[in-house]
Asker: 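I have a structure I would like to understand better, so I am pasting it below and will then ask my questions one at a time.
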Amino acid sequence: MLDIKLIREEPEKVKEALRKRGSDVGLEEILGQDQVRRELLGAIEAKRAERNSASEGVGKLMREVGQARKEGRSSAELEVEVGKLKKRSSSLGEEIAELDNHLRPVEDSLRELLLLVPNIPHETVPVGQDASKNEIVRRVGDPREFGFEPKAHWDIGEDLNIIDFKRAAKIAGARFALYLGAGAQLERALINFMLDIQSREHGYTEVFPPVLVNKESMTATGQLPKFAEDLFKCAADDLWLIPTAEVPVTNIHREDVIPVEKLPVKYTAYTPCFRREAGAHGRETRGLIRQHQFNKVELVKFVEPETSYAELETLTADAESILQKLELPYRVISLCGGDLGFSAAKTYDIEVWLPNYNEYKEISSCSNFEDFQARRANIRYRPLEGKPLFVHTLNGSGLAIGRTVAAILENYQQEDGSVIVPKVLKTYLQMDTISV
RNA sequence: GGAGGGAUCGCAUAGUGGUCUAGUGCGGGCGCCUGCUAAGCGCUUACUCCGAGUUAUCGGGGUCGAGGGUUCGAAUCCCUCUCCCUCCGCCA
C-alpha cells in the first residue's frame, strides 16, 4: 500500500512511477475520495468536540443538582439547564450519525482503492513493458557440454522410477508430483541442505509456520484482494493455502513494533506452496516446473529503510550460494518495470540452466518491497529517538525445491541414464549416484 | 463438540455509568543527591487520524481484544465475533 499522503502531495510523481510498470491506475478517484473523507472528518470531529463538552456539562450540573438537594435548595433551574444540554447533545449525536453514514463507505472504498495500487518501482529498475527488457546482471558457471542428447527431467525421473506423474494425477490431478525412493530422499535432502546453509552460515532463524492462513495475512503481503484467483481457498473456514512462505513468515510481525536494535530480523522457512496456476493452461504442463503444490525454502528479512537495498544484494547472494554449492550454472536478472510483481519495488530473478530447455529458468525471486507490505501489515520499528516507522520487508526463494530437483536431474545426468549426486548432497543422501 | 473463566498504557494490577484528562507498582528514560557501589528523591514514559505552523509544538477526534447496541455520556451495561485458560468428550 502506498502512503495516501504521498499520493495527495505528489500525484504526478506517483503516476509517472506507476507508468514505469505499465500500470494505469486512476489516482483521480483516490484523490477525490480522500478529499471527501477529510471534509466529512472535519465536520464530524467538530460536532464530536461540541457533544463531548455538552456531555461533560451534564455531568457537572448533575453533581450540582445532587449537592443542592442534599442542602435542601431548589434544583429546578439546574435541571432545566441539564435538559437543554441533553437535548443539544442528543441532536448532535443524530447529526454525527448522519455524517458517519456518509463517511463510512468513503473510507471503505478509499482503502479498497489503495489496496489495488501496486508498488512504485525503484529508480534502478530497468524500463520496459515485458520480460524482454529484463537486464542480465551476471552469469555464474558455464553450461556443461554434453556428448549426448540430454533428456528432460521428467523422462529421467520416470526412467529412474523416482518421480511418478501419472499416479500423482490419479491421486490429485494434473500438476502434481509423486516422488519415490531416491526422488523423495533428494527432495528431503535439498530441504535440509538449504535450511542448514541459510540458518548456520547466513544467520537466518529457522521457522516452521502454518500453511493455512486467514485473509488478513493474505492482504498484508499483497495476495489479496487482487489475486484471489491464484489461490486455493478453504471456503468453509475462510482459510487460504499459502502460495509461498512469504505470507505466514512476513505476518509473524504483523501489528508489531520491533526495537531497532533487533533489526535486521532474518527468517528462513521450509513450506509446501500451493498455487492454482489459473491462466497457465497449456504452459509447461510437463515436469516439475509448474506445479499446484511444490516445496520451497524461503528467506525473509525485516530491515531499516536505509539498508534495504544493501540487504537485497546479500539476500540474493544467500540464495545464489545454494546454486554455487550445488555447482549449477545460473544467471541473475533484474526485472524491468513491466515484469515486476505487484508488491515489489525491485526484484532479482535467479535463473538456473536447464539443458533440455536449452535456456535459463527461474528458480528464485528476490525482492525488496520497501514499506509496501509493512504499511499493509502495520509492521514498524522503534528508532532510538522518535516515533515508530515502517520497516522495509524483503524476501526471496532460497530456493524452490522442485525446480532444483529438475536442474540437478538435467545437469547431472549421464549417458547411461543415471544421475550423479552433487558433492554437497552426498552426505545427506548417502549415495553417489541415482540409478535404476 | 459441551460447560465455565478471562482479555485494561512494555510487564503486573486497580477501576461495575459522569473530576478516568485510565490510578498504582515494576521496568525504561532524564535530572538531583551521594568518595565508589547500592539506595534515595523529583520529573517523565502509548499509538493513530484531522487541522494549524518553517521546525519545536499546539488544537481537536479516536483507541481499555474486535465490531455493533443502549445512553446526554460506556473500560464499566447488552449482543455478536476472535483469541487465551480450566474441565469434560474426541484424537495424531
Side-chain angles (χ1 to χ4, degrees), chain A residues 1-9 30-70 75 77-111 113-114 208-220 234 236-240 248 251-263 371 374-391:
Chain A
M1 189 158 65
L2 299 185
D3 188 354
I4 181 65
K5 283 179 195 149
L6 179 69
I7 298 175
R8 186 190 299 154
E9 282 155 26
I30 290 175
L31 289 167
Q33 297 285 61
D34 177 53
Q35 182 67 28
V36 173
R37 169 179 176 266
R38 285 185 296 150
E39 280 164 11
L40 283 169
L41 206 55
I44 288 172
E45 289 183 356
K47 287 185 194 298
R48 282 222 174 102
E50 194 185 341
R51 186 186 62 176
N52 286 348
S53 82
S55 288
E56 206 178 310
V58 173
K60 268 185 199 144
L61 288 171
M62 290 298 274
R63 276 192 294 279
E64 284 179 36
V65 169
Q67 190 68 22
R69 282 186 184 153
K70 215 161 95 187
S75 60
E77 219 168 282
L78 289 169
E79 280 176 58
V80 170
E81 272 310 303
V82 167
K84 276 187 196 161
L85 277 180
K86 279 191 183 180
K87 211 171 162 192
R88 177 67 187 141
S89 183
S90 191
S91 76
L92 278 167
E94 282 166 28
E95 291 171 35
I96 291 166
E98 167 77 18
L99 288 170
D100 248 338
N101 286 337
H102 288 293
L103 179 63
R104 207 166 312 183
V106 171
E107 293 202 313
D108 288 348
S109 83
L110 181 61
R111 178 163 175 81
L113 288 167
L114 282 172
F208 190 64
V211 299
L212 282 170
V213 303
N214 55 35
K215 64 175 179 299
E216 287 76 17
S217 293
M218 283 294 188
T219 305
C234 304
D237 299 287
D238 203 16
L239 289 170
W240 305 72
N251 276 280
I252 289 173
H253 291 299
R254 176 149 53 88
E255 309 290 338
D256 275 358
V257 179
I258 305 168
V260 68
E261 59 269 21
K262 291 219 172 131
L263 297 178
D371 64 5
R375 195 177 293 282
R376 288 174 164 238
N378 196 22
I379 305 169
R380 295 174 294 171
Y381 72 99
R382 189 178 295 282
L384 290 177
E385 285 191 5
K387 296 275 177 189
L389 301 168
F390 290 116
V391 298

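As the structure is a computational prediction, the values presented were derived from the model and not from experiment. Lettering of chains follows the sequences in order, A, B, ..., and the numbering in each one begins at 1.
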Asker: Taking atom P of G73(B) as reference, at what distance in whole Å does atom CD of Glu94(A) sit?
Answerer: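 It works out to 10 Å between those atoms.
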Asker: Using atom C1' in both nucleotides, what's the gap between A3(B) and C11(B) to the nearest angstrom?
Answerer: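 My reading of the C1' atoms in A3(B) and C11(B) gives 32 Å.
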Asker: In Watson-Crick or G-U wobble terms, both distances under 3.5 Å, what is the partner of U63(B)?
Answerer: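 Across all strands, the one nucleotide that pairs with U63(B) is A46(B).
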Asker: Ignoring hydrogens and angles, tell me if any N or O in the side chain of Ser89(A) forms a donor-acceptor pair with the backbone of Leu85(A) under 3.5 Å.
Answerer: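 No, Ser89(A) side chain to Leu85(A) backbone: no donor-acceptor pair under 3.5 Å.
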Asker: Could you tell me the separation between the CD1 atom of Ile96(A) and the C1' atom of C72(B), rounded to a whole number of Å?
Answerer: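 Result: 11 Å.
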Asker: Assess whether a salt bridge exists between Arg48(A) and Asp100(A), defined as any Lys/Arg side-chain N lying under 4.0 Å from an Asp/Glu carboxylate O.
Answerer: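 Salt bridge present between Arg48(A) and Asp100(A).
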Asker: Looking at Asp34(A) and Arg38(A), does any basic side-chain N land under 4.0 Å from a carboxylate oxygen?
Answerer: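 Result for this pair is yes, salt bridge flagged.
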Asker: Going by purine N1 to pyrimidine N3 plus the second Watson-Crick contact, or the G-U wobble pair, all under 3.5 Å, which nucleotide sits opposite G4(B)?
Answerer: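 Its partner is C85(B) (Watson-Crick or G-U wobble, both distances under 3.5 Å).
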Asker: Is the side chain of Asp371(A) donor-acceptor paired with the backbone N or O of Phe390(A) at a distance under 3.5 Å, no angle test?
Answerer: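 Checking the backbone N and O of Phe390(A) against the side chain of Asp371(A), no donor-acceptor pair under 3.5 Å is found.
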Asker: Locate the shortest heavy-atom distance separating Arg254(A) from Asn214(A); write the atom from each residue and the value.
Answerer: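 Here Arg254(A) and Asn214(A) meet closest at NH2-OD1, 3.7 Å.
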Asker: Given atom CD of Glu255(A) and atom C1' of A46(B), what is their separation to the nearest angstrom?
Answerer: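 So the two atoms are 15 Å apart, to the nearest Å.
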Asker: Can a salt bridge be assigned to the pair Lys84(A) and Glu81(A) using a cut-off of 4.0 Å between side-chain N and carboxylate O?
Answerer: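 The answer is yes: the pair qualifies as a salt bridge.
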Asker: Could you give the distance separating U21(B) and U63(B) at their C1' atoms, to the nearest angstrom?
Answerer: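 To the nearest whole Å, 15 Å.
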Asker: Go ahead and name the base partner of C36(B); Watson-Crick or wobble counts if both distances stay under 3.5 Å, otherwise write none.
Answerer: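 When the pairing criteria are applied, nothing turns out to pair with C36(B), so the answer is none.
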Asker: Give every pair of a protein N or O atom and an N or O atom of nucleotides 77-83 of chain B that lie under 3.5 Å apart, one pair per line with the distance.
Answerer:
none

Asker: In whole Å, what separates the P atom of C58(B) from that of C78(B)?
Answerer: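 Taking atom P in both C58(B) and C78(B), they lie 40 Å apart.
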Asker: Between C47(B) and G65(B), how far is it from one C1' atom to the other, in whole Å?
Answerer: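 One C1' to the other, the span is 16 Å.
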Asker: Using Watson-Crick or G-U wobble geometry with both distances below 3.5 Å, tell me the partner of C41(B), or none.
Answerer: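 Check on C41(B): paired to G31(B), both distances under 3.5 Å.
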Asker: U71(B) P sits how many Å from Leu92(A) CG, rounded?
Answerer: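 In whole Å, U71(B) P lies 16 Å from Leu92(A) CG.
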Asker: Using the C1' atom as the point on both nucleotides, what is the distance between C9(B) and C64(B), in whole Å?
Answerer: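 One C1' to the other, the span is 9 Å.
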Asker: P atom, A75(B) versus U57(B): distance in rounded Å?
Answerer: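 Going atom to atom, P in each nucleotide, I get 28 Å.
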Asker: State the CE-CD1 distance between Met1(A) and Ile7(A), to the nearest 0.5 angstrom.
Answerer: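 So the gap between those two atoms works out to 9.5 Å.
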Asker: Has Glu77(A) got more than 12 heavy atoms of other residues, nucleotides or ligands less than 6.0 Å from its CD?
Answerer: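 Incorrect, the count does not exceed 12.
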Asker: Among Val36(A), Ile44(A), Asp108(A), find the residue that satisfies the side-chain contact (heavy atoms from CB on, under 4.5 Å) test when tested with Leu103(A).
Answerer: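 Running side-chain contact (heavy atoms from CB on, under 4.5 Å) over Val36(A), Ile44(A), Asp108(A) with Leu103(A) returns exactly one hit, Ile44(A).
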Asker: If we call it a pair only when both distances are under 3.5 Å in a Watson-Crick or G-U wobble match, what pairs with A56(B)?
Answerer: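 Matched A56(B) with nothing under the 3.5 Å cut-off.
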Asker: Please work out if Lys387(A) contacts a base, only the sugar-phosphate, or nothing of the nucleic acid, heavy-atom cut-off 4.0 Å.
Answerer: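 It contacts sugar-phosphate atoms only.
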Asker: Any chance you could list the contact pattern along nucleotides 49-69 of chain B? Use B for base contacts, S for sugar-phosphate-only contacts and - for none, protein heavy atoms under 4.0 Å, 5' to 3'.
Answerer: SBS--------BSS-----S-
Asker: How close or far is atom P of C47(B) from atom CG of Leu389(A), stated in whole angstroms?
Answerer: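 Answer to the nearest Å: 11 Å.
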Asker: Would you sort out whether Val213(A) and Leu239(A) count as a side chain to side chain contact (heavy atoms under 4.5 Å, CB included), showing the intermediate values?
Answerer: CA-CA 5 Å; Val213(A) 303; Leu239(A) 289 170; 5.9 Å; no
Asker: Using Watson-Crick or G-U wobble geometry with both distances under 3.5 Å, which nucleotide pairs with G18(B)?
Answerer: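 In the structure as shown, G18(B) has C72(B) as its Watson-Crick or wobble partner.
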Asker: Please confirm whether the backbone N or O of Lys5(A) pairs with a side-chain atom of Asp3(A), one donor and one acceptor, at under 3.5 Å?
Answerer: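 Answer holds: yes.
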Asker: Work out how far the P atom of C85(B) is from that of A12(B), and round it to whole angstrom.
Answerer: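 Comparing P positions in C85(B) and A12(B) gives a spacing of 15 Å.
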Asker: Starting at atom CD of Glu81(A), determine the distance to atom C1' of C72(B), rounded to an integer number of angstrom.
Answerer: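 Rounded to whole Å, this separation is 14 Å.
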Asker: What does G25(B) pair with, Watson-Crick or G-U, if both distances are under 3.5 Å?
Answerer: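 The base-pairing partner of G25(B), which may sit in any strand shown, is C11(B).
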Asker: On a whole-Å scale, what distance lies between the C1' atoms belonging to U37(B) and C43(B)?
Answerer: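 About 24 Å, rounded to a whole number of Å.
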Asker: Relative to the 5' end of RNA chain B, which residue comes earlier, Leu85(A) or Glu56(A), by the nucleotide with the nearest heavy atom?
Answerer: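 It is Glu56(A) whose nearest nucleotide is closer to the 5' end.
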Asker: In Watson-Crick or G-U wobble terms, both distances under 3.5 Å, what is the partner of C91(B)?
Answerer: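 Pairing partner, where one exists within any strand: none, as none qualifies.
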